[in-house]
Amino acid sequence: MLDIAMFREHADIIRADHDKRNLPHDNIDAVIRLDEEWRQARYDSDQLRKVRNEAARGIAGAKKSGDTAAADSIMAEVKTIGAQIDALTERADACLAERDALRMRVPNILHESVPVGEDDQKNTLHSLHGEKVELDFEPRTHNDLVEANGWVDLGRGAKVAGSRFYFLMGDLARLEMALQQYTANFLVERGYTLVQPPLMMNREAYEGVTDLADFETVMYGVEPDKFYLIATSEHPLTAMRMDEIIEPAELPVKQVGISQCFRREVGAHGLSDRGIWRVHQFTKIEQIIICKPEDSWQHHEELFENALELWDSLGLHYRVVNICTGDMGSIAAKKYDLEAWLPGVSEYKEVVSCSNCTDYQANRLRMRYRTTDGNAAVHTLNSTAVATSRALVAIIEQNQLEDGRVRVPEVLQAYMGGQEVLQSL
RNA sequence: GCAGACGUCGCUUAGCCUGGUAGAGCGCCGGAUUUGAAAUCCGGUGUCCCUUGGACUCGGGAGUUCAAAUCUCUCCGUCUGCGCCA
């Protein structure tokens with residue numbers, strides 16, 4: 001959420017941003033109005049508390065000097081002040097709660113380099129990487145190939161869990177682990193600390209890092225313990241320092257999270273989502289950075305470069321798009337997506353998302369760092385390194401051989417005992 | 001799961017029994033002193049509203065009271081022991 005100071009001092013900036021996103025200004029105006037109401041109620045209750053505190057000091061003084069009559073007299077005077085304070089406090093709390101509920105729905109301020117457009121069709125092409133291999137046979141889709149080779153059992157996944165669950169088997173499971181190891185090592189060598197986070201989080205921590213709508217459409221709840229299964233390790237890693245004041249010497253925090261990710265994928269259907277492209281559970285290796293505000297755009301490029309070099313090293317062809325205003329979501333100020341080429345369906349599809357969230361998550365999480373001028377919100381950034389299910393799809397489709405088997409990317413062969421081709425079951 | 005102990009400002013801790021302005025040390029920031037540094041001394045060092053003064057803050061929430069770090073209830077967490085267990 002945005003700093004309340006933005007609403008008080010620079011509401012024009014928020015309004016201009018809403019115009020770019022084609023959003024009405026209602027929430028902005030309501031936040032400003034509720035903020036004023038809250039301050040008034042707060043001031044009134046503070047004044048009454050002042051009266052009560054003065055009386056309390058009077059009582060204490062009178063009792064100390066043995067003048068019980070004076071003490072009783074003051075006590076009688078302030079007998080009912082507590083109820084008035086309670087009423088005003090209740091009103092102040094209600095205004096504040098409503099102010100912040102609305103403030104949570106106001107999206108982040110977009111970076112000036114974000115292209116304006118209504119939906120993902122208006123994302124702009126940033127760059128192309130690797131070579132688009134021309135196969136001298138008809139390319140098959142990954143869902144066709146995994147089934148033919150016995151690498152994925154979706155039917156039995158549906159039987160024991162539900163649709164979009166799967167068993168990953170044999171050499172493809174082995175390749176998945178190789179990909180995890182390789183990617184984690186790749187980033188550890190660049191100075192990132194490897195972290196295995198909790199796979200569940202409580203509601204309060206989760207509200208700090210995600211859009212409220214995600215609780216309905218993305219996250220699985222675990223009853224009766226009121227936990228949520230994480231949708232990405234970005235969430236626990238970023239929430240890790242909730243309510244903390246970070247010493248400047250600790251910044252930037254650079255971590256690589258590795259975890260299983262769980263997503264409900266409500267409303268997702270269609271041919272292009274078949275196989276293991278869009279599933280309820282997958283492994284993801286994620287980069288996160290927590291840094292000082294003045295460094296965040298430089299770090300955003302660093303995360304982006306890491307992702308590019310990693311995907312280049314896998315020998316895959318992909319393109320990069322700069323996400324436009326209409327496709328952005330509420331958390332990020334700017335986002336690059338890497339989209340891998342899938343010859344089976346002749347499409348580029350999203351495999352990596354690299355975001356600078358500026359102070360939006362930090363404000364919700366009350367995550368600050370010390371400056372000589374007081375405490376200030378940090379900036380948070382995150383980027384996929386590899387989501388294994390989607391990386392496997394890209395590898396399978398781009399590295400497929402005419403006989404239906406799949407070539408192992410060279411850098412991963414060492415993690416599979418030198419194996420060069422995945423064998424079917 | 002059971003029993004006990006504990007949770008106070010960035011860190012360490014006092015205060016709790018017996019309710020009445022949250023104190024000290026360390027760290028950090030500023031100043032004095034110094035050629036410079038150390039040492040020393042002085043001041044500052046949580047949050048919010050600022051209507052210049054104020055209110056809030058002792059793990060969270062609720063209660064009792066004119067008044068709660070302090071008393072009561074409850075939840076959370078940590079430690080120790082027992083139990084269970086990959």
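Here the structure is a predicted model, which is why all the values come from computation and not from measurement. Letters go in sequence order (proteins before strands), and every chain restarts at 1.
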Query raised in the report: Between atom CE in Met367(A) and atom P in G46(B), what is the gap in whole Å?
Result: 21 Å
Requested in this report: Pick the C1' atom in A55(B) and in U64(B), then give their distance to the nearest Å.
Outcome: 23 Å
**Report entry** Closest non-hydrogen atom pair, Gln260(A) against Gln281(A)
**Finding:** OE1-NE2, 2.8 Å
Report task. Before giving the answer on side chain to side chain donor-acceptor pair (under 3.5 Å), spell out for Ser233(A) and Glu286(A) the whole-Å C-alpha distance, their side-chain angles and the decisive distance to 0.1 Å. Result -> CA-CA 7 Å; Ser233(A) 59; Glu286(A) 179 88 2; 5.4 Å; no
Query raised in the report: Can you check whether Arg57(A) has a side-chain N or O nearer than 4.0 Å to OP1 or OP2 of G20(B)?
Result: no
Query raised in the report: Within 45° of the ring axis of Phe215(A) and under 6.0 Å from its six-membered ring centre, is that where the NZ or CZ of Arg203(A) lies?
Result: yes
Query raised in the report: With a 4.0 Å cut-off on heavy atoms, is Arg8(A) in touch with a base, just the backbone sugar-phosphate, or nothing at all?
Result: sugar-phosphate
Report summary line: Contacts satisfying ring pair (Phe, Tyr, Trp, His ring centres under 6.0 Å) that involve residues 12-50 of chain A (not counting sequence neighbours) are none
Query - Inter-nucleotide P distance (C9(B), G23(B)), Å rounded - result: 14 Å
**Report entry** Partner nucleotide, any strand, of U47(B) [Watson-Crick/G-U, under 3.5 Å]
**Finding:** A55(B)
Report task. Round to a whole Å and report the spacing from CD1 of Ile85(A) to P of A68(B). Result -> 10 Å
Query - Atom-to-atom span, CG of Asp93(A) to C1' of A62(B) - whole angstrom - result: 14 Å
Sequence neighbours excluded and cut-off under 3.5 Å, please list the side-chain donor-acceptor pairs for residues 92-101 of chain A, or say none.
unit_1, atom_1, unit_2, atom_2, d
Arg99(A), NH1, Asp35(A), OD1, 2.7
Asp100(A), OD1, Arg103(A), NE, 2.9
Asp100(A), OD1, Arg103(A), NH2, 3.0

Query raised in the report: Would you call Arg241(A) and Glu250(A) a salt bridge, taking side-chain N to carboxylate O under 4.0 Å as the test?
Result: yes
**Report entry** Paired nucleotide for A14(B) [Watson-Crick or G-U wobble; both distances under 3.5 Å]
**Finding:** none
Report task. In whole angstrom, give me the gap between the C1' atoms of C73(B) and U80(B). Result -> 26 Å
Query raised in the report: Is there ring stacking between Tyr43(A) and C49(B), where the centres must be under 5.5 angstrom apart and the planes under 30 degrees?
Result: no
Requested in this report: Indicate, yes or no, whether a donor-acceptor pair under 3.5 Å links the base of C48(B) to the side chain of Arg42(A).
Outcome: yes
Report summary line: Separation of C75(B) atom P from Asn202(A) atom CG, nearest Å, is 18 Å
Report task. Taking atom P in both C2(B) and U57(B), compute the distance separating them and give it to the nearest angstrom. Result -> 33 Å
Report summary line: The residue, Asp35(A) or Lys79(A), whose nearest nucleotide of RNA chain B is more 5′ is Asp35(A)
Please write out each protein N/O paired with an N/O of nucleotides 8-10 of chain B under 3.5 Å, distance rounded to 0.1 Å.
unit_1, atom_1, unit_2, atom_2, d
G10(B), O4', Arg370(A), NH2, 2.7

Could you tabulate the donor-acceptor pairs under 3.5 Å formed by side-chain atoms of residues 79-91 of chain A, not counting sequence neighbours?
unit_1, atom_1, unit_2, atom_2, d
Thr89(A), OG1, Arg49(A), NH2, 2.8
Thr89(A), OG1, Ile85(A), O, 2.7

**Report entry** Spacing of the C1' atoms in C26(B) and U21(B) (rounded, Å)
**Finding:** 25 Å
Query raised in the report: Using atom P of each nucleotide, how far apart are G59(B) and U8(B) to the nearest Å?
Result: 6 Å
Requested in this report: Specify the separation, in whole Å, of atom CG of Asp86(A) and atom P of A55(B).
Outcome: 17 Å
**Report entry** P spacing across the pair A69(B) / C17(B), given as an integer number of angstrom
**Finding:** 12 Å
Query raised in the report: In the strands shown, is U78(B) matched to any nucleotide by a Watson-Crick or G-U wobble pair with both distances under 3.5 Å, and which?
Result: A5(B)
Report task. Grab the CZ-C1' distance between Arg39(A) and A55(B) for me, whole Å please. Result -> 15 Å
Report task. For the pair Thr384(A) and Lys284(A), evaluate side chain to side chain donor-acceptor pair (under 3.5 Å) and give the outcome as yes or no after the intermediate values. Result -> CA-CA 7 Å; Thr384(A) 320; Lys284(A) 183 152 65 73; 4.9 Å; no
Report summary line: Taking a pair to mean Watson-Crick or G-U wobble geometry with both distances below 3.5 Å, C71(B) pairs with G63(B)
Query - Heavy-atom side-chain contact between Arg366(A) and Asp243(A) under 4.5 Å - result: yes
Query raised in the report: When the distance from CG of Leu88(A) to C1' of C49(B) is rounded to whole Å, what number comes out?
Result: 14 Å
Query - Ser296(A): which of Asn356(A), Thr380(A), Asp359(A) passes side-chain hydrogen bond (donor to acceptor under 3.5 Å, both in side chains) - result: Asn356(A)
Report task. Scan every strand shown for a Watson-Crick or G-U wobble partner of G19(B), both distances under 3.5 Å, and answer none if you come up empty. Result -> none
Query raised in the report: If you pin Met75(A) and Gln40(A) to their nearest nucleotides in RNA chain B, which one's is more 5'?
Result: Gln40(A)
Query raised in the report: What nucleotide among G20(B), C48(B), U51(B) has an atom nearest to a side-chain atom of Lys63(A)?
Result: G20(B)
Report task. Provide, to the nearest angstrom, the distance between the CD1 atom belonging to Ile4(A) and the P atom belonging to U47(B). Result -> 17 Å
Report summary line: Taking a pair to mean Watson-Crick or G-U wobble geometry with both distances below 3.5 Å, U40(B) pairs with A32(B)
Report summary line: For residues 83-112 of chain A, the ring pair (Phe, Tyr, Trp, His ring centres under 6.0 Å) pairs (sequence neighbours left out) are His111(A)-Trp297(A)
Report task. Within residues 46-56 of chain A, find the residues that approach RNA chain B with a heavy atom at under 4.0 Å, and present them sorted by residue number. Result -> Asp46(A), Arg49(A), Lys50(A), Arg52(A), Asn53(A), Ala56(A)
Report summary line: Smallest heavy-atom separation, Gln287(A) atom then Leu303(A) atom, equals NE2-O, 3.2 Å
Requested in this report: Write down the distance separating the C1' atoms in C29(B) and G46(B), rounded off to the nearest Å.
Outcome: 15 Å
